Amino acid sequence: MTRIQLADGVYLTYLPARKFKTSLLSAQFVTPLQEETASAWALLPAVLRRGTVSAPDMGQLSARLDQLYGARIDYTVRKKGENQCVGFVASLIDDSFAPGGEHLLEPVTELLGELICDPVTERGRFVPAYFDSEKTNLLDAIRSLINDKRDYADSRLLQEMCAGEPYGISRLGSEATAEKLQLHKLYALYGQLIASARLELFYSGSAELERVEQAMRSAFATLPRENVGEIILAKPHPAREEVHRVEETMDVTQGKLGMGFSCGSDDTAALLMGNTLFGGSSNSRLFLNVREKLSLCYYASSVYHRQKGIITMSSGIEFDNFQKAYDEILTQLGEVQAGALEDWELEGARSTLLNAYAAMGDSQGKLENFFLGQAATGQVETPAVLAQQVREVTPARIFEAMKTVSLDTVYFLRGKEAAQ
């Protein structure tokens, strides 16, 4: 991996790879996650994807991509730490596999630059029909989040646990702010974003670094750069003195119990291992005991949010099993904190993490997503470095780090009939 600076606030991460038949290109703006702008930033790449000056509609854009042997360019909206990342990811046939040795890197990179720097406009702003259509799509996407009750409960837990903190904001923003979006305001924000936000560029494929660098410099030569801001580093979640409890009722047949824990340690490798032992794999305490052995949950798993210093637990339960499941989940956390574990559990957790890091090299998409997360949160470790840290972490460090984990927030979604 090579990372170089191309311009003020513009960085290229070069990931050479010859084992893939495709190349990946990515251009991502990194901007602070804020309630008032989250929906606007989520809408922006969708509007930009509708056309450029040279290909002003989806039909002409598709035709141009077809000429490039079916290359694809999709817009993306992601949350990394307390930053929002919006932009495009392109997939194309790697030049080493292109018919007749044709070069596809340069024309696809050029189109990527056009989508960002030269979008189609009408009377000095975005095309109204494109704006209205994509705003409707965004509102539909936000409203549909409630249809998947597991994801909905997970997002509500984060909202409640990190209320008042950027980490509690959805990557799509809220329905209320999305409804208020206006065409002229979005165009003004677009100008602000491309001028002042950090731009992270990524390439994975067989082309040499010098060629990729030249293609990127050419494609983004007209990108304005002024008052470029620094990325926002997430602040650790402050632990509550008293557990915050939230209960909601909805027309559901399965309860959703979410529990958020604050972590008082900054030993990342130890907490990664501790979370994997607790609920981060199919060999975890939550899966084998709470779900399989005691049948208290339909599912139970946990995630360590490294940038925020928290662990969130997600489970689906029968309404009447709330207290039993709640108590048993805390019992299993206590077992991990006390070090009451078998050797096979420790090595199983270590193997799970090492396999995950090793598998990143088999997917260009996973590599891009990983290195974007690192760049957007101020981290520099590669998967290989993180894997080595996991290999070296001792049981004593794991238990010491997990002892700092304390219950912070409890969220429970129950059915209307059960609440009566």
Side-chain angles (χ1 to χ4, degrees), residues 3-13 25-50 52 73-90 109 111-119 121 125-126 131 134 138 165-167 169-173 177-178 181-203 213 216-235 307 368-380:
R3 178 175 163 84
I4 58 175
Q5 183 170 354
L6 300 183
D8 187 13
V10 180
Y11 296 86
L12 168 64
T13 298
L25 289 166
S26 175
Q28 304 292 324
F29 287 99
V30 182
T31 185
L33 189 58
Q34 298 174 326
E35 186 66 48
E36 57 270 24
T37 56
S39 292
W41 298 145
L43 176 61
L44 182 59
V47 174
L48 293 176
R49 180 61 178 78
R50 293 296 293 267
T52 70
I73 299 181
D74 299 309
Y75 74 86
T76 57
V77 181
R78 287 174 277 187
K79 182 170 83 170
K80 299 293 183 182
E82 294 188 335
N83 287 297
Q84 195 173 7
C85 303
V86 297
F88 301 95
V89 173
T109 307
L111 182 54
L112 195 63
E114 285 182 33
L115 286 168
I116 291 173
C117 301
D118 206 15
T121 57
R125 57 187 183 181
F126 295 128
F131 170 83
E134 296 303 337
L138 174 61
E165 303 173 68
Y167 204 75
I169 301 171
S170 165
R171 68 183 181 90
L172 299 180
T177 54
L181 290 173
Q182 297 177 327
L183 177 56
H184 69 278
K185 179 66 173 177
L186 185 68
Y187 193 74
L189 286 172
Y190 155 72
Q192 174 185 323
L193 183 78
I194 65 171
S196 62
R198 170 83 70 92
L199 177 59
E200 294 287 344
L201 303 171
F202 300 87
Y203 170 80
E213 181 181 349
M216 291 291 191
R217 287 186 184 277
S218 176
F220 294 96
T222 61
L223 185 75
R225 295 272 85 187
E226 56 186 39
N227 300 320
V228 178
E230 292 297 318
I231 60 170
I232 301 298
L233 300 181
K235 297 179 181 178
Q307 297 85 6
E368 183 267 349
N369 190 55
F370 173 83
F371 281 106
L372 171 62
Q374 295 294 85
T377 57
Q379 308 293 328
V380 297

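The shown structure was predicted, so the numbers you read here are calculated from the model rather than taken from an experiment.
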How far apart are the C-alpha atoms of Y190 and L48, what are their side-chain angles, what is the distance that settles it, and do they pass the side-chain contact (heavy atoms from CB on, under 4.5 Å) test? CA-CA 10 Å; Y190 155 72; L48 293 176; 4.0 Å; yes
side-chain contact (heavy atoms from CB on, under 4.5 Å) between E165 and K235: does it pass, once the steps are laid out? CA-CA 9 Å; E165 303 173 68; K235 297 179 181 178; 5.9 Å; no
Using the rule given for side-chain contact (heavy atoms from CB on, under 4.5 Å), can you reason through K80 versus Q374, listing the C-alpha separation, both sets of side-chain angles and the distance that settles it, and then say yes or no? CA-CA 9 Å; K80 299 293 183 182; Q374 295 294 85; over 6 Å; no
Would L193 and T31 count as a side-chain contact (heavy atoms from CB on, under 4.5 Å) if you check the C-alpha gap in whole Å, the side-chain angles of each, and the deciding distance to 0.1 Å? CA-CA 8 Å; L193 183 78; T31 185; 4.1 Å; yes
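The OH atom of Y203 sits 14.0 Å away from the CD atom of E213 when rounded to the nearest 0.5 Å. Once rounded to the nearest 0.5 Å, the distance linking CZ of F29 with CD1 of I116 reads 4.5 Å. Atom CD in E368 sits 11.0 Å away from atom CZ in F371 (nearest 0.5 Å). With rounding to the nearest 0.5 Å, the separation of CD in E134 from CG in L43 is 7.0 Å. Here L199 contributes atom CG and C85 contributes atom SG; the two are 11.0 Å apart, rounded to the nearest 0.5 Å. In this structure, NZ on K185 lies 9.5 Å from OG1 on T37, to the nearest 0.5 angstrom.
Contact detail for L201 and M216: the closest heavy-atom pair is CD1-SD, 3.9 Å. Looking at every heavy atom in both residues, A38 comes nearest to G173 through CB-CA, 3.6 Å. The two residues L372 and F202 have their closest heavy-atom pair at CA-CZ, 3.5 Å. Residues I73 and A90 share a closest heavy-atom pair of CG1-CB, 3.7 Å. Nearest heavy atoms, A376 versus V30: CB-CG1, 3.9 Å. Nearest heavy atom pair, residue A27 against residue L112, reads CB-CD2, 4.1 Å.
Comment: E200 does not engage R78 in a salt bridge, judged by the lack of any side-chain N to carboxylate O separation of less than 4.0 angstrom.
Using a 4.5 Å heavy-atom cutoff, the side chains of F88 and L115 are in contact. Using a 4.5 Å heavy-atom threshold, the side chains of D74 and V89 count as separate. Proximity of L181 to L138: side-chain heavy atoms (C-beta onward) are separated by under 4.5 Å at one or more points. No side-chain heavy atom of I169 sits under 4.5 Å from any side-chain heavy atom of K79. Under the 4.5 Å side-chain criterion, counting only non-hydrogen atoms from C-beta, C117 is not in contact with I194. Using a 4.5 Å heavy-atom cutoff, the side chains of T177 and E36 are not in contact. By the 4.5 Å heavy-atom criterion applied to side chains, W41 and L189 are counted as neighbours. Between L186 and V47, the closest side-chain pair of non-hydrogen atoms falls below 4.5 Å.
Sparse packing is recorded around OH of Y75, with 12 or fewer heavy atoms of other residues, nucleotides or ligands lying under 6.0 Å away.
Side-chain N or O atoms of R171 include none that pairs as donor or acceptor with a backbone N or O of L33 at under 3.5 Å. With hydrogens and angles disregarded, a donor-acceptor distance shorter than 3.5 Å links the side chain of R225 to the backbone of A197. With D118 contributing its side chain and T52 its backbone, the two residues share no donor-acceptor pair below 3.5 Å. Judged by distance alone, the side chain of S39 and the main-chain N or O of L172 form a donor-acceptor pair under 3.5 Å.
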